[in-house]
Structures are given as C-alpha cells and as structure tokens.
Amino acid sequence: MIRNLVQPALVLLAQMALTLALAPLLPGIVNKVKALFAGRVGPPVFQLYFDLAKLLRKGAVFSRTTTGVFLAGPAAAVAVPFTAALLIPMGAATAPVSFAGDAVVLAYLFGVARFFVVLSALDTGSAFEGMGAAREVTFAVLAEPALFMGLATLARLAGSPSLAPMLTAAGQGWRAAGGPLALVLTAWVIVFLVENCRIPFDDPNTHLELTMIHEAMVLDHSGPPLAAVLYGASLKLWVLGALVVKLCLPLRGTWWIDWPAFLGGMVLLAAGVGVLESIMARLRMRRVSQALIAAVVSGTFGFLLLLLA
Amino acid sequence: MLQSLYFSALLLSALSGVPGLVRPARGGRMASWMLVGSALCALGLAGSVLYGGLTWQAELRWALPGAHFLFRGDPIGTFILVPATLVPAILSFYAEGYWSDGAHADTAPALRLFFGASVACMVLLCAAANAVLFLFGWEIMAILAFLMVTTSDQDAAVREAGWIYLVASHTGALMLFAGFALLALGTGTGFDLGPLRPGFASTPAGTAAFLLLLGGFLLKAGVGPLHVWLPGAHAAAPSHVSALLSGLMLKMGILGVLRIIALTPDPPLWWAGLLTGLGAASGIMSMAFALGQKDLKRLLAYSSIENVSVIALGLGLALAGKTLALPALVMLGGAGALFHLLNHALLKPLLFMGAGSVMHATGTRDLERLGGLAHPMPRTAFLFLAGAFGICALPPFNGFAGEWLMYLGAFRGTQPNGWVWSVVTLASLAVIGALTVACFTRAYGIVFLGEPRRDLAHPAHESPRSMTATMAVLAGICLFIGLVPAVLAPALQAATRELGPGLPALGSLANLKALSLMALIGLPMGLAVWQAIRRAPSTRTGTWDCGYALPTARIQYTASSFSRMLTDGFRWLLLPIERIPRIQGLFPRESRFQSQAPDTLLDRGLNPAASFVASALSWLRFLQAGHLPIYLLYVVLTLVALFAWTLQ
C-alpha cells in the first residue's frame with residue numbers, strides 16, 4: 001500500500017520540481033537564439049532567473065485605481081500553469097493526475113488565467129491595458145476551438161478523453177495516422193505561439209506599440225507581482241510546450257531515453273521559437289485571426305481525416 | 001407524507017403574498033419566511049425522491065373532460081423543484097431591500113403576491129402529469145410573469161416589452177395546445193402524460209407533435225431564434241423578477257423538453273441534430289448580441305439565452321444517445337444538462353441581484369456611464385465577480401462541472417460507433433466558453449473596475465446588508481457545489497435515469513471527485529501566491545499608462561471599444577446602427593460616435609413582418625366588434641358546429 005503510493009509521489013515531486021526549476025530557462029534559450037541570429041552576444045541563458053531574483057527583492061508600485069482583483073491576475077498566472085502541469089505527462093513519467101476529461105480541465109484552467117489577467121488589466125483603468133485585454137479575449141475565441149478540435153482528434157485516436165493516453169497514442173501513432181497528427185500539430189503550434197504571445201502573433205519584447213497584446217496588459221505590474229507575471233509566462237511556455245513536444249515524441253518506456261528526449265525536445269522547441277521570431281515579422285492584427293481560423297480548419301481537417309482512416 | 005410535503009410547498013408559495021395585502025408593514029418578511037418554508041418542503045421531497053428513491057402520486061377529480069388533477073413526483077421534476085423554490089426564497093429576502101414597501105408602496109404588495117403565485121405555478125408544473133393541468137399552470141405562470149414584467153408600466157419601453165412577452169408567450173401556448181392534443185394520439189391515456197407508443201415518434205402526427213411542443217417549450221426557454229421576447233422582458237422587470245424569469249421560469253421550457261425526451265422511447269436521430277444545431281447557433285449568436293449590449297440587464301438576458309442553448313446542446317447529446325443506444329451519452333448529456341440548469345438557476349439570479357444593486361446605487365444600468373464601482377461597493381463587486389466567474393463555467397466554480405459532463409459526453413460521441421456530430425457540440429461549447437469569458441470580463445471590468453466614467457446623479461453607495469447577504473448565500477452555494485460536485489451525483493443520476501432505460505451509473509463515467517482534487521491543488525496555490533505578492537512593500541500612485549501626465553477616465557477602454565473587434569466579426573449578424581461623424585476642417589468641432597446593437601431578428605424581421613400581416617388581415621376586423629354578446633354568439637356557434645361534426 002505504502003509502496004504503491006511512494007512511486008507516484010516521487011514522480012509527482014520530480015516532475016513538479018523540474019517544471020518549477022527549468023521553466024525560466026526556455027525564454028533564455030529563445031532570447032539567446034534570437035541574439036545569435038542578430039549577430040549579438042545576447043543576455044545569458046539564465047537572465048530570467050536573475051531578473052526574478054531582483055524583482056522579488058524590490059517593492060511594488062500600485063495604482064490608486066486598483067483593487068484586490070489587480071493581484072489576482074499574477075496569482076492566477078502562476079497557479080494555473082502549475083496546476084495544469086499536473087495533468088501533462090512529461091519525459092518518461094505518466095501524468096501525476098490523470099482522469100477522463102482532464103483535457104477539458106486543462107483548457108479551462110487557462111481560461112481561469114485569462115479571466116483574471118484580463119480583469120487585472122482592466123483594474124488599472126489604463127487605455128493600453130484595456131486594449132491588450134480586448135485583444136486577448138478576442139483571439140481566445142478562435143484559439144479555443146483550434147485546441148479542442150486537436151483534442152477531439154487525439155481522443156478518437158486514443159479512444160480516451162484523458163491527456164496521458166491521448167499523448168501516448170499520438171506519439172506512437174505517427175506511422176499509422178501521420179496526416180491527421182501533422183494537421184493537429186500545425187493547429188497546436190499556432191495555438192502555442194498565440195497563447196504564449198510569440199511572434200508572429202505578439203511580441204513579448206516591446207511594450208508600447210499599438211499591436212501589443214499580452215505585454216500591454218501587464219504594463220502596471222512591478223516588483224513581486226511582475227515577477228509572478230514573468231515566471232507565470234515561462235511556466236505557461238513550459239506547460240504548453242510540453243503538450244506540443246509530447247505530441248511528437250513516442251514513449252519508449254525507459255527513463256534514460258525518454259527524459260533526455262523530452263528535455264531535448266523542449267530545448268529544440270525553444271530554439272525553434274527563437275529561429276521563427278528571427279526570420280518572421282509580426283502579423284497585422286487582421287492576419288492574426290486569419291491564422292487562427294487556419295488553425296481551427298487544420299484541426300477540423302485532422303479530425304475528418306481520422307474519420308476516413 | 002410526500003404528498004403533504006408537496007402540497008405544503010404549493011400552498012405556502014401560492015399564499016405567500018396574501019399576508020402582505022392585509023398588513024403591508026410585515027408582509028415582506030412573512031412572504032420571505034413562507035417561501036423558505038416552501039423551499040424546505042421541496043428539499044425534503046428532493047431528499048426522499050432523489051436520494052431515497054421514493055416516488056409519489058396524487059389524483060384529484062376535476063369536472064373537465066379529459067382533465068383531472070394528476071400529480072406525479074418523479075426525479076426530473078423534483079430536481080428542478082429544488083432551485084425553483086429555494087432561489088425565490090432567497091430572492092424574496094433581497095426584494096425586501098430592493099423593492100421595499102416604503103419606496104414602492106403602490107406596487108410592492110401586488111408584486112409580492114404575483115411573485116409567490118408564480119413560484120406556486122412552477123411547483124405545479126414540476127409535478128403535473130396531465131397535459132390540461134400542465135397548461136393550466138403554464139398559462140397562469142405566463143400571465144403572472146406579464147404582470148410582473150410590467151410593474152413599472154409608466155415607462156413606454158416596459159409596456160412594449162410586456163406586450164411582446166405576452167404575444168410570444170401566447171404563441172408558445174397555442175403551439176403547446178396543438179402539440180399536446182396530437183401527443184394524446186400517441187400516449188393512449190388521454191391527456192395524461194404517459195410514455196408514447198413505440199413508432200409514434202416517426203409518424204407524421206408524432207413529428208408534428210414534437211415540432212409543436214418543442215417550439216412552445218423552446219419559446220419559453222428562450223432558445224434562439226425563439227428568444228425575441230426575452231431581452232426586453234428581462235431588462236424591463238424589477239431585478240429580482242428578472243432573476244426569477246431568467247433563472248427559473250426559462251427552465252420550465254427545459255422541463256418540457258426533458259419530459260418529451262423521457263416519454264419518447266424511440267426518438268428519430270434528426271431530433272438530436274435539430275437540438276444540437278439550435279443550441280450551437282443560438283449559443284454563439286446570443287453571445288455576439290451580449291457583446292454588443294450596453295445595458296447591463298440586457299447583457300445578462302442574452303447570456304441566459306446562451307445558457308439555455310448550452311443546456312439544449314446537452315439534451316441533444318442525450319437524445320442522440322437514446323436513438324443510437326449509447327447509454328453513456330444519454331447519462332453524460334442529460335446529467336450535464338440538468339447540472340447546467342441548476343448552475344444557471346443559481347448564478348443568473350446572483351448576477352441579476354448584482355445588477356439590481358448597481359441600479360439601486362447609481363440609478364443606471366448603462367455600461368458606458370458606469371465604472372470603478374468596486375471602490376464604493378466592495379461587497380457587491382466581490383459577489384458579482386463570483387457570479388461572473390461562475391457563469392463563465394471556469395473551474396473550480398459550479399458552472400464548470402456541468403459543462404465538463406457535456407464535454408465528456410461529446411468526447412465519447414467522437415469515438416468510433418459514437419455520434420460523430422457531437423464534434424459540433426464540442427467545438428461550439430469551446431467557442432461559447434471563450435465568448436462568455438469575453439462577455440463577462442467586459443461586464444465586470446467596465447462596471448466595477450477602472451475609474452468612474454461619468455458623474456452619476458448621486459454618488460454610488462454600498463447596498464444594504466439584506467441585499468448583499470442574500471447574494472452571499474447564493475455565491476456560497478455555488479462555491480460549495482463547485483468544490484464538491486460529487487454530492488450532486490446521486491441526484492443527477494436519479495433524474496437522468498428517467499430519460500431512458502438501462503443507463504449506467506454517473507460515477508462510472510465521470511470522476512467528479514477528480515475535480516475536487518484539482519481545486520484542492522490549484523485554489524490554495526493561487527491564494528498563496530496572491531497573499532505573497534500582496535505582502536510586498538508597496539507605494540500607491542496614479543496609473544502609469546505609458547506616462548500620461550493628466551489621465552482622465554475618458555481615455556479608458558469603454559464597453560463598446562472592448563468588444564469592438566468581436567462585434568466587428570459578427571457584423572453580418574448584429575447589423576449595428578452607427579452614427580459616424582464626418583470630421584472636416586482644420587479645427588473640427590466636438591463630435592460624437594454612436595453605435596447601437598438592436599435585436600436583429602425582432603427589429604428587422606418580426607416587427608416588420610407582423611405589421612405587414614396585421615395590415616393585410618385588417619379586413620377581418622369586422623369580426624371583432626367589441627360587444628360581449630357577439631363574442632358569446634361565436635362561442636355558441638363554434639360549439640354547435642363541433643357537435644354537428646362529432647355527431648355525424
């Protein structure tokens with residue numbers, strides 16, 4: 001009895017520790033790759049860790065307009081990806097928490113984060129933050145069905161609406177159902193880039209342009225709340241990245257292959273984002289929704305293709 | 001025993017307004033406690049029927065052909081009975097502060113009488129097992145609702161909303177009259193509501209009966225495109241009445257649809273397709289309209305259309321499962337629909353009470369004039385936030401668990417040998433979910449957060465404790481259900497098992513306890529981070545806003561600008577009326593941009609069509625002479641003609 005509990009508990013702790021510790025590495029890798037592309041040395045890979053440490057030591061500046069809701073945004077930004085990380089299998093491990101329908105919980109958890117981040121932005125009464133908030137909720141309307149059409153495809157492939165079997169079946173199904181999976185991958189990469197505010201949909205490095213989404217929403221955060229926002233963003237990058245990486249990686253069943261493969265996949269994904277951000281310009285606002293519609297269509301075609309197979 | 005509980009609930013609610021007629025001073029409190037008594041009776045019934053597995057039946061004679069008072073306490077009706085009595089009891093306490101006898105001496109006693117009587121009608125409908133009895137309760141309920149909607153009848157908009165409601169309601173009732181008459185062909189038990197003969201559903205008479213009944217019930221439920229009466233009526237009524245109409249009376253239509261599903265042993269597959277198509281289209285459409293609204297109560301009304309549409313999606317799954325013999329689909333779709341029904345019955349009254357508080361404090365419900373109310377009204381703001389969060393169906397609040405069951409059902413449908421069209425349910429639930437988040441962050445953010453926008457007639461103030469305390473009770477129930485949804489599993493299962501034979505246990509299909517586990521992990525984590533960053537040393541200053549030296553509230557995002565991108569995407573549907581000023585010259589004068597989102601169907605479709613029909617049929621007016629004896633003559637002539645026809 002005790003023995004049966006020890007192993008899952010260890011897996012849970014290991015996976016959580018890894019997520020919490022390694023997530024801030026991903027933005028560092030992205031920035032390093034971008035710097036190399038631009039012929040610069042760039043900030044160290046561990047820059048986000050230094051930033052977080054500095055921000056946590058600082059005081060915060062709050063607007064007089066704000067209420068308690070203002071801090072719910074950063075709090076949800078950290079708590080949501082952390083909770084969601086429990087549902088996703090990483091490396092050799094199966095997901096710490098797995099049940100039928102956990103895929104829906106995952107999607108709606110990010111809805112919780114969106115709800116509070118948007119309210120946190122509106123709480124300042126700032127025009128810029130209102131603009132960012134309006135864009136955030138608009139693009140979610142198309143990102144959600146794209147995610148769910150992918151989930152429907154995987155659920156049919158795996159015969160289960162639970163993430164762990166879905167991602168395992170996907171990793172092993174590339175030979176049998178490569179077409180549908182490639183379409184789902186396309187849809188999910190677009191969702192991944194939109195949700196993480198990456199070029200070509202959003203630019204996490206500038207603050208003032210009229211095309212900003214996420215960064216415009218967190219303009220008034222400072223000190224520890226800003227640290228929470230930045231850390232939460234890296235956790236989200238990690239969690240949604242894990243979803244994309246697991247979609248492509250088959251599970252071999254031996255930890256010394258699966259864990260390095262998974263971590264290597266995450267590094268590759270981050271590097272890929274860096275390359276993409278270096279070679280592409282940001283899309284115009286109108287094109288963002290068109291790209292998202294393409295993602296929905298791609299996911300839907302994936303499902304239809306699987307129906308015919 | 002159970003019968004007496006039921007009839008006590010019926011009588012207590014029916015008579016709750018009577019003491020107030022005699023002694024207005026204490027009438028409000030008496031009515032509230034009588035409604036509490038009625039709710040307690042209903043809870044007792046629910047315990048015995050839903051958790052104890054008992055049923056009951058009562059029959060009384062009535063000198064009408066085809067009709068007798070036949071009551072049956074089945075799990076579906078009992079499930080709906082609980083919110084239908086519990087929520088009005090809470091609303092009644094709220095009404096004491098909101099529509100007090102002091103401030104509204106001329107209308108409060110009558111309103112209280114109608115309020116209690118309409119609760120009694122819902123109690124009647126929940127157990128009525130005879131079509132004539134059902135229609136009896138249905139019509140009285142509709143008329144009482146009309147009387148309540150037109151409480152502030154000195155306002156022209158209120159009178160118009162009332163008329164549209166009355167016309168729509170009677171159109172629905174006519175369809176039900178015809179539908180029930182046809183249904184009697186299939187039951188073989190006269191007008192008693194019994195199971196239909198196998199095969200009847202696919203006959204022309206069965207099809208006609210289904211379409212008529214569905215039309216009548218969905219008109220009451222407000223599923224688009226039959227929703228035209230709803231936004232106006234809900235906006236016009238006093239807030240606690242809006243809450244009753246929106247949270248509970250719409251559900252009587254859903255009750256009707258549930259009864260049809262339960263009574264039909266072999267529904268054709270297109271029934272499921274029809275409900276799913278209607279639910280998907282109406283859910284997305286209503287959210288598009290909600291995003292175009294500037295009136296807080298109209299926005300909430302459109303959101304009610306969305307919620308009944310989501311319930312229709314669940315019922316579509318249940319119907320498909322019944323036709324295709326997929327018991328898991330029936331259980332998940334049906335239980336999801338019932339769960340969502342309960343959630344909406346709790347959350348929407350909470351939101352309408354919040355909107356009522358806002359109106360009470362500021363005298364307006366125009367989103368463009370409100371803003372920053374969280375500072376003067378912290379308790380209302382917090383409770384409205386709870387309602388807004390819940391209605392977005394986000395975990396760990398109660399709204400999520402119900403939709404989650406439907407998602408599970410839809411995922412099952414996408415499996416081989418399932419119902420492939422459930423992917424429509426899946427995709428539309430996802431779109432509706434994201435639109436709802438957009439709609440309610442807009443509603444909450446614009447009204448309560450940011451800076452106050454315009455100078456209101458008087459400074460906003462917090463509502464009296466009686467109003468916020470009742471909201472807190474509802475929010476507490478919602479949070480409890482959200483954290484431990486498994487407590488409802490036996491009740492949901494008992495009620496859903498009425499829909500078809502041989503359904504599996506809900507627990508074997510959906511692990512509701514896992515949701516509690518996730519809440520147990522996520523909620524403390526979020527609160528811990530919130531506390532930690534709140535404790536940091538901080539200073540207060542103005543909003544930075546990229547360095548504006550003199551920020552004014554006018555540069556804030558408004559309700560219209562917040563939803564502009566989304567409403568632009570739905571332009572083809574909303575057909576907004578816009579007044580765009582042309583700016584000319586070097587020193588342009590001050591100008592104003594205005595836009596309005598009318599109800600396309602009502603203003604561009606039905607109203608012109610109705611005036612055309614009215615003018616085309618004006619030659620028939622001679623029949624309507626306005627003399628009672630002539631009308632009586634018509635009745636006699638009709639009766640004679642009917643006798644002649646039956647005797648031949």
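In what follows, chains are A, B, ... by sequence order, proteins preceding strands, each numbered from 1. Predicted model only: the values in this text are computed from it and were never measured.
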Quick one: closest heavy-atom pair of B:Thr414 and A:Arg156, and the distance? O-NH1, 2.6 Å

Using 0.5 Å steps for rounding, measure from the CE atom of B:Met565 to the CZ atom of A:Phe139. 4.0 Å

Which pair of heavy atoms, one from A:Ala127 and one from B:Tyr557, lies closest together, and at what distance? O-CD1, 3.5 Å

Side-chain donor/acceptor of B:His375 to backbone N/O of A:Thr67, under 3.5 Å: no

Checking heavy atoms, do the side chain of B:Leu435, its backbone, both or neither come under 4.5 Å from chain A? both

Rounded distance [0.5 Å steps], CD1 in B:Ile521 versus CG in A:Leu86: 5.0 Å

Contacting moiety of B:Pro416, where chain A heavy atoms sit under 4.5 Å: both

What residue in A:Leu56, A:Thr66, A:Leu147 has the most heavy-atom pairs under 4.5 Å with chain B? A:Thr66

So do the side chains of B:Met518 and A:Thr83 get within less than 4.5 Å of each other, counting heavy atoms only? yes

Top contributor to chain B contacts, counting heavy-atom pairs under 4.5 Å, from A:Gly59, A:Ser160, A:Ala140, A:Ala100: A:Ala100

Please rank A:Val69, A:Thr124, A:Leu109, A:Leu119 by heavy-atom pairs under 4.5 Å with chain B and give me the top one. A:Leu119

Honestly, the part of B:Gln531 sitting under 4.5 Å from a heavy atom of chain A is neither

Heavy-atom cut-off 4.5 Å, strictly under: side chain, backbone, both or neither for A:Leu307 against chain B? side chain

Pairs of heavy atoms under 4.5 Å with chain B: top-ranked of A:Ala143, A:Ala152, A:Ala146: A:Ala152

Region of B:Leu527 in contact with chain A, defined by heavy-atom distances below 4.5 Å: neither

Close side-chain approach of B:Leu385 and A:Phe115, heavy atoms under 4.5 Å: yes

Under 3.5 Å, side chain of B:Gln415 to main-chain N/O of A:Ala158, donor-acceptor pair present? no

Look only at the side chain of B:Trp544 and the backbone of A:Ser126, and say whether a donor-acceptor pair between them is shorter than 3.5 Å. no

Identify the two heavy atoms, one from B:Ile533 and one from A:Ala228, that lie closest to each other, and give their separation to 0.1 Å. CG2-CB, 4.3 Å

Let me know if A:Val61 has heavy atoms under 4.5 Å from chain B in its side chain, its backbone, both or neither. both

Any side-chain to backbone donor/acceptor pair from B:Arg540 onto A:Ser63? Under 3.5 Å, distance only. yes

Validation row: B:Phe448, A:Asp123 side chains within 4.5 angstrom (heavy atoms): no

Any non-hydrogen side-chain atom of A:Val141 less than 4.5 Å from a side-chain atom of B:Val431? yes

Given a strict heavy-atom distance threshold of 4.5 Å, which part of A:Ala107 is in contact with chain B: side chain, backbone, both, or neither? neither

Using heavy-atom distances under 4.5 Å, tell me whether A:Val112 contacts chain B through its side chain, its backbone, both, or neither. both

For B:Gly522 and A:Ala79 the tightest heavy-atom approach is O-CB, 4.1 Å

Does A:Thr65 reach the main-chain N or O of B:Gly450 with its side chain, forming a donor-acceptor pair under 3.5 Å? no

So what's closer than 4.5 Å to chain A heavy atoms on B:Phe400: side chain, backbone, both or neither? side chain

Residue from A:Pro161, A:Ser289, A:Ser222 scoring the most non-hydrogen pairs under 4.5 Å with chain B is A:Pro161

Let me know if A:Phe148 has heavy atoms under 4.5 Å from chain B in its side chain, its backbone, both or neither. both

B:Phe562 side chain reached by A:Leu122 side chain, heavy atoms, under 4.5 Å: yes

Could you look at A:Leu142 and say if it's the side chain, the backbone, both or neither that has a heavy atom under 4.5 Å from chain B? neither

State, to 0.1 Å, how close B:Ala427 and A:Met149 come at their nearest heavy-atom pair, and which atoms those are. CB-SD, 4.0 Å

Sub-6.0 Å ring centroid separation between A:Tyr108 and B:Tyr407: yes

Is A:Phe62 in contact with chain B via its backbone, its side chain, both, or neither, using a 4.5 Å heavy-atom distance? both

Among the options A:Glu144, A:Glu129, A:Lys58, pick out the one with the most heavy-atom pairs lying under 4.5 Å from chain B. A:Glu144

Proximity breakdown for B:Phe382 and chain A, heavy-atom pairs closer than 4.5 Å: neither

